[in-house]
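Input: a single structure, listed below in structure tokens.
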Amino acid sequence: MSDFLSKYRPLFHKGGKYEKYNPLFESFDTLLFVPAATTSKGSHIRDGIDLKRTMITVVLAMIPALIFGIWNTGHQHFLALGEFIAVGDGMMEKMLFGAELVLPVVIVSYGVGLGVEFIFGMKNGHSLQEGFLVSGMLIPLILPISTPLWMVAVATIFAVVIGKEVFGGTGMNIVNVALTARAFLFFAYPTKMSGDKVWIATDGANTVDGFSGATALGDLAGTVSLDRASDAAKQTMQMFEDGGVYSMYNSIMGFIPGSIGETSVIAIGLGALLLLITGIASWRVMVSSIVGGLVMAVLFNVWDANSFMGLDPIHQLMLGGFMFGMVFMATDPVTAAQTAKGQWIYGFLVGFIAILVRVFNPAYPEGVMMAILFMNVMAPLVDHYVIEGNISKRLKRAKLASSQS
Amino acid sequence: MSKHVNIKRGLDIKLNGVAEKVTSDSSANVFALKPTDFSGVSPKLVLKEGAKVEAGSAIFFDKNKPAVQFCSPVSGEIKEIKRGEKRKILEVVISSDGASSFKKFSPKSGSRQEVIDALCESGMWPFIKQRPFDVMANPADMPRSIFVTAFNTEPLTADFDYTLYGLDSDFQKGLDVLAMMTEGDVHLNIHSERTASNMFKNAKNVVTNIISGAHPSGNVGVQLNKIAPISKGETVWTLNVLGVTTIGKFFNTGKYDVSRLVAVAGSKVTKPKYVKSFAGAQVEAITKGNVELDNARLISGGVLTGTKIDTKGYLGFHDSTITVIEEGNKTEFMGWLLPGTHKFSMSRTFLSFLMPGKSYNLDTNLHGENRSYVMTNQYEKVFPMDIYPVQLIKACLAYDLEKMEALGIYEVAPEDFALCEFVCTSKTEVQDIIRTTLDKALIDLA
């Protein structure tokens with residue numbers, strides 16, 4: 001294989017027949033073989049890590065959420081039809097049904113995204129940077145299962161071109177690429193991204209009586225305008241008690257409707273563990289964002305003006321995309337704050353604002369996307385003030401030194 | 001005034017081939033004086049090819065500071081002057097006559113000016129560097145203080161406790177003359193565990209600071225930043241104990257004697273040990289029969305900051321280590337995906353993190369390709385100064401002088417960024433960026 005690649009390498013080099021396609025060739029070449037390049041300047045030895053290793057670690061961390069998402073897609077489908085109601089039943093059927101719907105989304109996301117990256121790589125004459133390996137997996141996991149594939153493709157193109165390449169590509173983007181894709185769909189095709197028709201694949205089959213198709217947050221948002229003593233409000237809140245559809249147990253395990261990869265806190269937790277052990281994701285952002293969300297949820301709980309606010313704060317965090325967002329998206333090193341102090345502030349505000357938007361604004365049943373995008377934009381400002389602190393300390397010292405001499 | 005500083009951020013890379021504390025002799029016939037060893041110096045030759053020299057005869061001087069001479073390490077004859085692009089002088093090669101006759105100096109140490117004159121005239125001055133800019137010190141400056149580091153923390157480098165053993169009177173003399181040159185203090189920084197020698201612990205006429213922690217705690221710039229950071233307009237002179245001892249020896253004997261014990265270390269060395277030699281000696285003589293030269297990288301200095309040399313290359317003026325490691329010019333199938341028990345990484349993405357005590361045979365492979373900055377908080381883990389390293393590097397790349405100054409460019413040297421470069425996921429050449437920037441800024445701000 002190595003010989004095979006070596007044989008064709010000259011064709012792709014400058015002056016070669018397929019010079020234009022060098023980024024494509026090089027990307028495959030380096031994917032198969034870590035290059036023999038040695039250090040020429042500076043440190044003679046180097047750490048074993050590179051961007052490929054980093055990105056593949058993050059992708060691995062998302063695999064539990066993906067697998068659970070596949071199963072849950074099937075599980076929710078059969079629940080709606082009134083078949084295989086128990087969690088343990090119909091494992092094969094649920095997985096197969098889920099895989100049939102989820103894998104095409106993953107394939108479209110990667111195929112389209114990498115395609116766009118290759119085009120930019122060829123145009124700009126650089127090899128493919130690995131950033132999209134993660135974005136390509138994130139995009140499917142944060143979409144509702146019924147998103148049409150062409151929408152996935154359009155959103156991915158928009159995210160990669162407008163969200164990333166116009167800023168200079170991997171490492172240069174201001175806002176999270178995957179969230180750009182989601183935000184694009186959210187505002188361009190709102191009916192496909194919210195409501196109670198999109199979260200569960202029913203295939204138009206007859207659903208059982210009492211099937212609603214809404215998410216926990218959608219139902220909660222519905223209670224805000226209701227009198228707390230009314231039957232409707234009470235009915236909704238009953239679903240969050242033990243034995244209800246959105247019970248604490250179901251929310252943590254993830255047996256509830258939602259975007260493909262966001263429901264299971266357990267699966268996300270496994271990913272978080274891998275990211276924290278390997279040191280790839282910032283533990284500061286992860287911890288502070290969860291703390292921020294918790295603080296907001298507790299404040300609401302104390303205020304207790306409606307049923308939504310009255311929800312148990314821990315339960316609040318287990319719902320919707322909160323945990324997924326805090327573990328996989330708020331921690332994106334390119335768009336998060338970069339200084340240690342800045343990361344504490346950034347993380348806290350992401351969590352805080354996510355719950356704030358979620359509870360206050362019924363138009364956005366989930367605030368995580370808004371919160372992260374907003375803080376992505378604010379992160380450079382947070383860093384700016386942290387670094388200003390360091391600069392002014394140095395300036396003060398210099399003034400002191402010159403006044404003494 | 002003496003301080004105890006605990007350096008929390010850093011990284012000790014455990015490598016195979018640590019030099020054993022035994023010494024053997026070596027006899028090199030060919031030596032070289034390399035102007036490239038001295039940052040901020042523009043050499044002007046005073047001797048031509050074929051000229052006879054003694055140990056201590058001036059070979060070139062610095063055009064910007066004409067008082068400062070650079071001298072031949074041995075007696076013999078100038079064999080060749082190697083030049084590179086634009087006739088830049090790379091090496092002045094001297095063949096030794098084996099007689100080791102020394103030029104006679106009679107250094108006086110009565111006043112500050114006498115000391116400075118003696119050091120400049122004898123070629124001892126270049127041992128003294130300065131911050132800002134990490135270049136050879138300017139004899140016309142009055143430094144706020146002088147910082148001396150007594151230990152190396154870079155992997156595999158020479159242990160000064162061992163190499164300077166028994167040179168107590170030279171060392172103390174060196175400190176005494178340094179003390180005459182500053183209006184402030186001479187700071188001697190020793191390590192809480194690595195430094196055992198009483199010569200360092202009980203040194204007089206200095207402020208002794210105790211440092212603890214991993215590499216880069218031995219870097220004089222890191223110590224300086226932690227003990228008394230320099231500000232704009234201040235100058236601090238820096239050197240290591242090898243320089244101090246060599247200067248002291250010169251004042252005690254009147255001879256330009258740059259002999260030193262050199263650690264020969266690394267995974268390609270058969271018997272890692274110490275060898276008695278001289279600054280500028282051809283390494284072939286030092287490593288003879290003790291090194292597998294097949295596909296090896298020879299480094300004058302350590303693996304993080306040293307200079308790549310070929311088998312006929314020469315030991316650097318400031319160096320007391322020769323490291324020989326494997327060239328990593330091999331591809332690795334799916335290397336980025338394998339568990340990687342043989343790979344070392346600060347991150348815990350390779351299974352090798354489960355073996356914390358393991359010692360490695362690291363080669364020179366880059367382990368990846370150059371990328372944009374993606375990861376954050378990596379440099380900060382190994383960069384103990386109170387400076388934001390990535391932001392400073394970005395200011396350097398943009399060459400924004402005002403920003404660089406605000407972010408602390410005056411406090412840093414390339415070596416302080418060596419670990420950042422090592423751990424970098426994006427394989428950015430950080431030391432080169434800093435060196436280039438410092439050289440450019442030195443000219444622009446002059």
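Reminder, nothing fancy here: chain letters follow the sequence lines and each chain counts from 1.
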Of all of [options], which one pairs up most often with chain A through heavy atoms under 4.5 Å apart?
options	value
T323(B), L15(B), V430(B), L337(B)	L337(B)
S231(B), P155(B), S347(B)	S231(B)
K232(B), E327(B), R297(B)	R297(B)
I13(B), L419(B), I387(B), T305(B)	I387(B)
S372(B), A418(B), G368(B)	S372(B)
K427(B), E234(B), E380(B), R144(B)	K427(B)

| task | Check whether F422(B) gets within reach of chain A through its side chain, its backbone, both or neither, counting any heavy atom under 4.5 Å. | result | both

| Positive for side-chain contact (heavy atoms from CB on, under 4.5 Å) with I372(A), one of L179(A), T335(A), D332(A), V377(A) | L179(A)

| remark: Cut-off 4.5 Å, heavy atoms of chain B, and the answer for L276(A) is backbone

| Is it true that K164(A) and E117(A) make a salt bridge, defined as a side-chain N closer than 4.0 Å to a carboxylate O? | yes

| query | Does E130(A) come within less than 4.0 Å of R371(B), counting only side-chain N to carboxylate O? | reply | yes

| query | Who are the side-chain hydrogen bond (donor to acceptor under 3.5 Å, both in side chains) partners of S135(A), not counting sequence neighbours? | reply | none

| With sequence neighbours excluded, residues passing side-chain hydrogen bond (donor to acceptor under 3.5 Å, both in side chains) with N361(B) | N16(B)

| said: Is there a side chain to side chain contact (heavy atoms under 4.5 Å, CB included) between T311(B) and L298(B)? Walk through the geometry before answering. | reply: CA-CA 7 Å; T311(B) 49; L298(B) 270 83; 4.2 Å; yes

| said: According to side-chain contact (heavy atoms from CB on, under 4.5 Å), who are the partners of L438(B), at least two apart in sequence or on a separate chain? | reply: F133(B), D134(B), I409(B), P414(B), I434(B), R435(B)

| field | chain B-proximal positions within residues 38-47 of chain A [heavy-atom distance under 4.5 Å] | value | T38(A), T39(A), S40(A), K41(A), G42(A), S43(A), H44(A), I45(A), R46(A), D47(A)

| query | Cation over ring, R53(A) on F350(B), under 6.0 Å and within 45°? | reply | yes

